[in-house]
Amino acid sequence: TVSGTSISFGSAAVFESSSVTYIAATYDSTNGKVVIGYKDVGNSNYGTAAVGTVSGTSISFGTPVVFASAATEYIAAAYDSSNEKVVFAYTDDGNSYKGTAIVGTVSGTSISFGSATVFESAETDFISATFDSSNNKVVIAYRDVGNSNYGTAVVGTVSGTSISFGTPVVFESVRSDNISATFDSSNNKVVIAYKDTGNASYGTAIVGTVSGTSISFGTAVVFNSETTSYFSATFDSANNKVVIAYRDSGNSGAGTAVVGTVSGTSISFGSAVVYETGNTIRNSSTFDSARNKVIITYYDNENSNDYGTFVVGTVSGTSISFGTPVVFDSSSTNYPSATYDSTNNKVVISYLDGGNSNYGTAVVV
């Protein structure tokens, strides 16, 4: 039991019987389905998606569907609840590494896609996507390699099975890495966390305001004055707080989280809290709104062989407390992505299972 919440998880289920990377999961609340996008290494590195159905503590998957017949990287996923569409953003290696997005429509246990749209006509990486439910827009944040690696964001509008974009806006005029975006539905603001390489690689966040097809930003705020990486931002809608998980290189790579409070176009932070003392890689977080808990999943670089692990956090004021980390896969894992199934009140963690030929795998928590 963690803070009054019992933890259990079902058996792992394979969604792709070949090696996968760049996993990104989201939840289609209209159809009650988990949708996972990934790079299918076993199929020419094509961008691919699988639709999962949760039942109890199990999840089953339909046949995977290719959404990009070229090598893809840095896949990000968001669900547009207004238009009832899944949006994948990704680097299209087959088109000069341009930032690209595509709209998916779930039907039963499958998904179909419209035509891809380029949102950045230069090399793009460290892509993250979130949905602004106030303006019904998809916001994609990324590193614009073609523009001195600046941190950049663009606003997308879904119409039917297509998506169109406004003009990209720079939010950080230096190299910005490990970008993660979330939406604060209490203040109707987008919050982007990133590594500010121009400022000693400090952990930094900035608040964005969407207006029409554009986005404007306040002043960036440092939340960790050490080298920081592997960000994952999520929004706690019970406490109206942004929670950012990260790897703190100034503290032996410990998994750490901080609670942010948005006010106007700025954000302030409470004290950092360690949830994993070992070297923590590839954090992914989500919010369980039935139990008002933040779930952070990661692979624990200090635990034998990069074991797949998650931890449950409870926000109180401007701080967060954590239970004991729980191993969900006692083998080497990578690219974890957590999403919350609000129909079944379950968290689904998708990941690369190094103990099973690097197959794409998921488990219900």
Side-chain angles (χ1 to χ4, degrees), residues 7-17 20-40 47-67 75-81 83-90 102-113 128-131 133 138 182-183 232 234-235 237 282-291 293-298 308 310 328-329 333-353 359-365:
I7 297 174
S8 61
F9 47 91
S11 300
V14 171
F15 61 80
E16 180 59 71
S17 298
V20 301
T21 59
Y22 292 109
I23 299 167
T26 192
Y27 183 65
D28 179 334
S29 56
T30 302
N31 293 288
K33 302 293 182 181
V34 173
V35 183
I36 303 171
Y38 55 95
K39 175 180 177 176
D40 186 353
T48 307
V51 175
T53 306
V54 171
S55 177
T57 58
S58 297
I59 186 168
S60 58
F61 291 94
T63 303
V65 176
V66 171
F67 63 79
I75 299 168
Y79 180 65
D80 179 334
S81 56
N83 292 285
E84 302 177 353
K85 302 293 181 182
V86 173
V87 176
F88 287 119
Y90 58 96
I102 197 164
V103 175
T105 306
V106 171
S107 178
T109 59
S110 190
I111 186 169
S112 58
F113 292 95
S128 182
T130 192
F131 179 64
S133 56
V138 174
T182 192
F183 180 67
S232 181
T234 194
F235 180 65
S237 56
R282 294 195 185 279
N283 298 292
S284 177
S285 59
T286 192
F287 181 65
D288 180 333
S289 56
R291 300 167 185 86
K293 304 292 181 183
V294 173
I295 291 84
I296 303 170
T297 184
Y298 53 96
F310 70 88
F328 64 83
D329 194 310
T333 63
N334 206 339
Y335 295 98
S337 182
T339 192
Y340 178 62
D341 176 336
S342 56
T343 302
N344 294 286
N345 297 328
K346 299 288 196 293
V347 172
V348 176
I349 301 171
S350 49
Y351 60 100
L352 174 161
D353 185 356
Y359 283 1
T361 307
V363 66
V364 177
V365 177

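Legend: residues meeting ring-ring contact (aromatic ring centres under 6.0 Å, His included) with Phe67, ordered by chain and number and at least two apart, are Phe88, Tyr90, Phe113. With sequence neighbours left out, the side chain to side chain contact (heavy atoms under 4.5 Å, CB included) criterion links Ser110 to Val65. With sequence neighbours excluded, no residue satisfies side chain to side chain contact (heavy atoms under 4.5 Å, CB included) with Ser107.
Each of Val363, Ile296, Ile349 was compared with Phe310 under the side-chain contact (heavy atoms from CB on, under 4.5 Å) criterion, and only Ile349 meets it. Just one of Asp28, Thr105, Thr30 meets the side-chain contact (heavy atoms from CB on, under 4.5 Å) condition when paired with Glu84; it is Thr30.
Between the OG1 atom in Thr339 and the CZ atom in Phe287 there is a gap of 13.5 Å [rounded to 0.5 Å]. Atom-to-atom distance recorded for Lys39:NZ and Leu352:CG is 12.0 Å, nearest 0.5 angstrom. To the nearest 0.5 Å, atoms OG (Ser11) and CD1 (Ile59) are separated by 12.5 Å. Here the CD atom belonging to Glu16 is positioned 10.5 Å from the OG1 atom belonging to Thr63, to the nearest 0.5 angstrom. Atom CG of Asp288 sits about 8.0 Å away from atom OG1 of Thr286, to the nearest 0.5 Å.
Smallest separation of non-hydrogen atoms from Thr26 and Ala78: OG1-C, 3.8 Å. The two residues Thr48 and Pro64 make their nearest non-hydrogen contact at CG2-CB, 3.7 Å. Pairing each heavy atom of Ile36 with each of Ala25, the nearest pair is CG1-CB, 4.1 Å. When all heavy atoms of Gly108 and Val51 are compared, the pair lying nearest together is O-CG1, 4.0 Å. The two residues Ala50 and Phe61 come nearest to each other via the heavy atoms CB-CD2, 4.2 Å. Contact record, Ser337 with Ser284: CA-OG, 3.4 Å, taken as the closest heavy-atom pair.
Side-chain contact between Val54 and Val348: present, with at least one pair of heavy atoms (C-beta onward) separated by less than 4.5 Å. Side-chain atoms of Arg282 and Thr297, non-hydrogen and from C-beta on, never get closer than 4.5 Å to each other. The shortest distance between side-chain heavy atoms of Asn345 and Tyr340 falls below 4.5 Å.
In this structure, a donor-acceptor pair under 3.5 Å is absent between the side chains of Lys346 and Thr57. For the residue pair Ser232 and Ser285, a side-chain donor N or O sits within less than 3.5 Å of a side-chain acceptor on the partner. Side chains of Tyr351 and Asp329: a donor-acceptor N/O pair is present below 3.5 angstrom, by distance only. Counted by atom type alone, Tyr27 and Thr343 present one or more donor-acceptor pairs between their side chains at under 3.5 Å.
Checked against the 6.0 Å centroid threshold, Tyr38 and Tyr335 do not count as a close aromatic pair.
Using modelled atom types, no side-chain atom of Asn83 and backbone atom of Lys85 make a donor-acceptor pair closer than 3.5 Å.
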Inset, instruction - Could you walk me through whether Tyr79 and Phe131 pass the ring-ring contact (aromatic ring centres under 6.0 Å, His included) test, one step at a time? - result: CA-CA 7 Å; Tyr79 180 65; Phe131 179 64; 7.6 Å; no
